[in-house]
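Below: one structure, written as structure tokens.
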Amino acid sequence: MIRSSITIPVPRDFSFWRTVYSHGWCSLPPFSIDKEHEVLVRPFSLCGGVQVRCAISCANSSLKIQAISRRPLSAEQRSQLRLQIRDCLRIGEDFSEFYAEARKHRRYRWIPKMRVGRLLRAPTVFEDVVKMMSTTNCSWSLTETIVRNLTTKLGVAVDASIFTFPSPGTLAGVTESFLRKEIRSGYRSPYLIELAENVAAGKLDLESWRTSTLPTEELYKTVLSVKGIGAYAAGNILKLLGRYDYLGLDSWVRKQFATLFRNGRKTRDTIIEKHYRPYGKWKGLLFWLEMTRHWYTTEVPF
DNA sequence: GCGTCCAGGTCTACC
DNA sequence: GGTAGACCTGGACGC
């Protein structure tokens, strides 16, 4: 195996570990984390069919990447790897406007101070959408089971312990019965196959969503048109596309809101919407950060 | 160990 | 447009 070292400079307002811990993705394969040493690990697929296992850490205003591959990486592959890692960690995204908005409100001044707001995402929109679909209507432990099965049973082995996320073509090539029995994705199985088939056939270009110039409302409708994706999933997929206009409510955040603002009393969605309406296009991100603020000061739940 | 109940989003049929 | 019921799994609970 060949080891390569790569360095990527990061902006001043970037916090590596708070980006890694921004939500549950870091604990879903093929991501994994070494909490003690603050290292994010995952494989990346590069041109020429090359798979590379990367251990990513941060020191002295730069990401340090230890990449392990079967063959030496070409200049093009190294460049591709840099781009993918920057994309996952949202390094190129400009948060100055968001931080300026947060500074206007006393209750949100901690956000720019803690340099939070970047939400970890997968190298591909396909992986993010499949994972989001796998979080719907089930416990987190079932989501972990589904995603672990998808990678170990349909991904490519990079080494003994790491598998890539399956490609749309691979997922499109399995039967609904396989997904139900082996992946444990239950009634979501036909939705996953339909999604993978449409992407593999070129009928649905998920990857263009990250650079889409559509107004957010239009993009939201496009995301919602995928079968198996409802309001919760679409709102949260949009956050991973850099659009923060929707809250993406699920039972956990509803409960969290009730605990923080309503003495634990059950709260209608319209009340939560009204609470965040003044924050316009940033409301989804401010909402998520407010609900998860305790993760940055106490032990995270994953 | 077994059976029952429930929580968790989305879809579809129906009003 | 709003709503009820079905979908499937795993965890909690009672026996």
A:Asn137 or A:Thr145: which one's nearest nucleotide on DNA chain C is closer to the 5' end?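 Of the two residues, A:Asn137 wins.
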
Is it true that [X] and [Y] make a salt bridge, defined as a side-chain N closer than 4.0 Å to a carboxylate O?
X: A:Asp87; Y: A:Arg121; value: yes
X: A:Arg86; Y: A:Glu93; value: no
X: A:Glu194; Y: A:Lys203; value: no

Which Ile, Leu, Val, Met, Phe, Trp or Tyr residues join A:Leu83 in one cluster when any pair of side-chain heavy atoms under 4.5 Å counts as a link?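 Hydrophobic cluster check, A:Leu83: no partners found.
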
List, by chain and number, the other hydrophobic cluster members for A:Val41, where Ile, Leu, Val, Met, Phe, Trp and Tyr join if side-chain heavy atoms come within less than 4.5 Å, directly or indirectly.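 Same cluster as A:Val41: A:Val39, A:Val158, A:Ile162.
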
Checking A:Lys113 now: which residues fulfil side chain to side chain donor-acceptor pair (under 3.5 Å) with it, not counting sequence neighbours?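 For A:Lys113, no residue satisfies side chain to side chain donor-acceptor pair (under 3.5 Å) once neighbours in sequence are set aside.
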
Partners meeting side chain to side chain donor-acceptor pair (under 3.5 Å) with A:Arg107 (sequence neighbours left out):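 For A:Arg107, the residues satisfying side chain to side chain donor-acceptor pair (under 3.5 Å) (neighbours in sequence not counted) are A:His275, A:Tyr279, A:Glu290.
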
Looking at residues at least two apart in the chain, or sitting in another chain, which of them share a side-chain contact (heavy atoms from CB on, under 4.5 Å) with [X]?
X: A:Lys255; value: none
X: A:Thr222; value: A:Trp209, A:Leu214
X: A:Ser189; value: A:Glu176, A:Leu179, A:Arg180, A:Ser185

Using 30° and 60° as the class limits, which term best fits the ring planes of A:Trp252 and A:Trp295: parallel, tilted or perpendicular?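 Plane angle between 30° and 60°, so tilted.
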
Please list residues of residues 182-198 of chain A whose heavy atoms come under 4.0 Å from any atom in DNA chain B, ordered by number; otherwise none.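 Contacts with DNA chain B under 4.0 Å: A:Tyr187, A:Tyr191.
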
Just the endpoints, please: which first and last nucleotides of DNA chain C, 5' to 3', lie under 4.0 Å from a heavy atom of chain A?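 For DNA chain C, the relevant span reads C:dC7 to C:dG11.
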
Counting only heavy atoms and a strict 4.0 angstrom limit, can you tell me which residues of residues 227-240 of chain A come near DNA chain C?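 Heavy-atom cutoff 4.0 Å gives no residues at all.
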
In a table with atom names and distances, give each donor-acceptor pair under 3.5 Å that connects a side chain of residues 43-63 of chain A to protein atoms at least two apart or in another chain.
unit_1  : atom_1 : unit_2   : atom_2 : d
A:Ser45 : OG     : A:Gln51  : OE1    : 2.8
A:Arg53 : NE     : A:Asp159 : OD2    : 3.2

Start and end of the DNA chain B segment that chain A contacts, any atom under 4.0 Å from a heavy atom: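 The footprint of chain A covers B:dG8 to B:dT12.
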
